[in-house]
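Please read the structure below before turning to the comments.
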Amino acid sequence: MSEPLLVKVGGSLRGAEALLDELASYPGPLVLVHGGGPEIGAWLTRLGWESRFEGGLRVTPPEHMEVVEMSLCLTGKRLAEGLSRKGKRALSLSGRDALCLRGKALPHLGRVGEVVGVEVGLLLDLLEKGYTPLLAPIALDEEGPLNVNADTAAGAVAGALGWPALFLTDVPGVLRDPKDPTTRFPHLTPKEVDDLKAQGILQGGMIPKVEAALSALRTGAPWAAIARGERGVVAGVLQGERGTRFTL
């Protein structure tokens, strides 16, 4: 059997049909964590609310939380339907289900949090029964739901499972020059990541993705990778031909 994979699907991916084909055809066990940024942003705009970010994270006042949760869950249901229609039976879940994701709030960002505990039993039970779990990055603290960055949540789940983590996004990996895809780093270590930060090469929205990849390694994932979500990406990453792979 092919090795199990935790795959993070970005909310801003294009070519979703090709990506669903790619994931549905993977022969090994999959757990998916998905984002939903475009859907969240669109709904907030319709309601006349402003989207604001700090350090790549969406500031989420309490009054925005229901919109965030609704948007993420709708995105998950659409992904689950798409995969199921292609033969990979999928279930859309939230971190609320069976208290799957326990969180800690980052109060300066509103109802935004980070994951401090993962109940992997639910995910493993579903996998054993032949289902592919899709998890929306909503965690719970004592006061209720928290909006967790999907990359951060995926890293935590991968670490808890002890599975490799593949973060799919809209760029081919970590690039020395963001405008030149031929400058992709095929492999990075934590020390090399620190050097890239110090040089100002690693910045913006890529930082949470890289931090999530390194967090997955520190908590038990054997490796992690960031790659463009497109046809052939999983095989390309497994063969070392696509994306940026991280190891300790």
Salt-bridge contact K129-D125 (side-chain N to carboxylate O under 4.0 Å):
no
Please examine the side chains of M206 and I226, heavy atoms only from C-beta on, and report whether any two atoms are closer than 4.5 Å.
yes
Less than 4.5 Å apart, any side-chain heavy atom of I138 and any of L101?
no
What do you reckon, is OH of Y131 surrounded by more than 12 foreign heavy atoms closer than 6.0 Å?
no
Quick one, L188 and L196 - any side-chain contact, counting heavy atoms below 4.5 Å?
yes
Could you tell me whether a side-chain N or O of S92 sits under 3.5 Å from a main-chain N or O of A80, the two making a donor and an acceptor?
no
Can you confirm whether the side chains of R58 and S51 place a donor and an acceptor under 3.5 Å from each other?
yes
Start with the C-alpha distance between V120 and V31, add both sets of side-chain angles, then the distance that settles side-chain contact (heavy atoms from CB on, under 4.5 Å), and finish with yes or no.
CA-CA 11 Å; V120 298; V31 171; over 6 Å; no
Please examine the side chains of V193 and F185, heavy atoms only from C-beta on, and report whether any two atoms are closer than 4.5 Å.
no
R245 side-chain N/O to P186 backbone N/O, donor-acceptor pair under 3.5 Å:
no
Atom CZ of R89 with >12 non-hydrogen neighbours under 6.0 angstrom
yes
Would the number of heavy atoms belonging to other residues, nucleotides or ligands and lying under 6.0 Å from CD of E66 be above 12?
no
Close side-chain approach of P137 and L72, heavy atoms under 4.5 Å:
yes
Sub-4.5 Å side-chain heavy-atom contact between N147 and R111:
no
Would you mind checking if K104 and E114 are paired as a salt bridge, meaning a charged N to carboxylate O distance below 4.0 Å?
yes
Would you say the side chain of L124 lies within less than 4.5 Å of the side chain of L127, judging by non-hydrogen atoms?
yes
Determine whether more than 12 heavy atoms belonging to other residues, nucleotides or ligands lie under 6.0 Å from atom CH2 of W223.
yes
Test item: V9 and L23 side chains (from C-beta on) under 4.5 Å apart, heavy atoms
yes
Between R85 and E81, does any side-chain N to carboxylate O distance fall below 4.0 Å?
yes
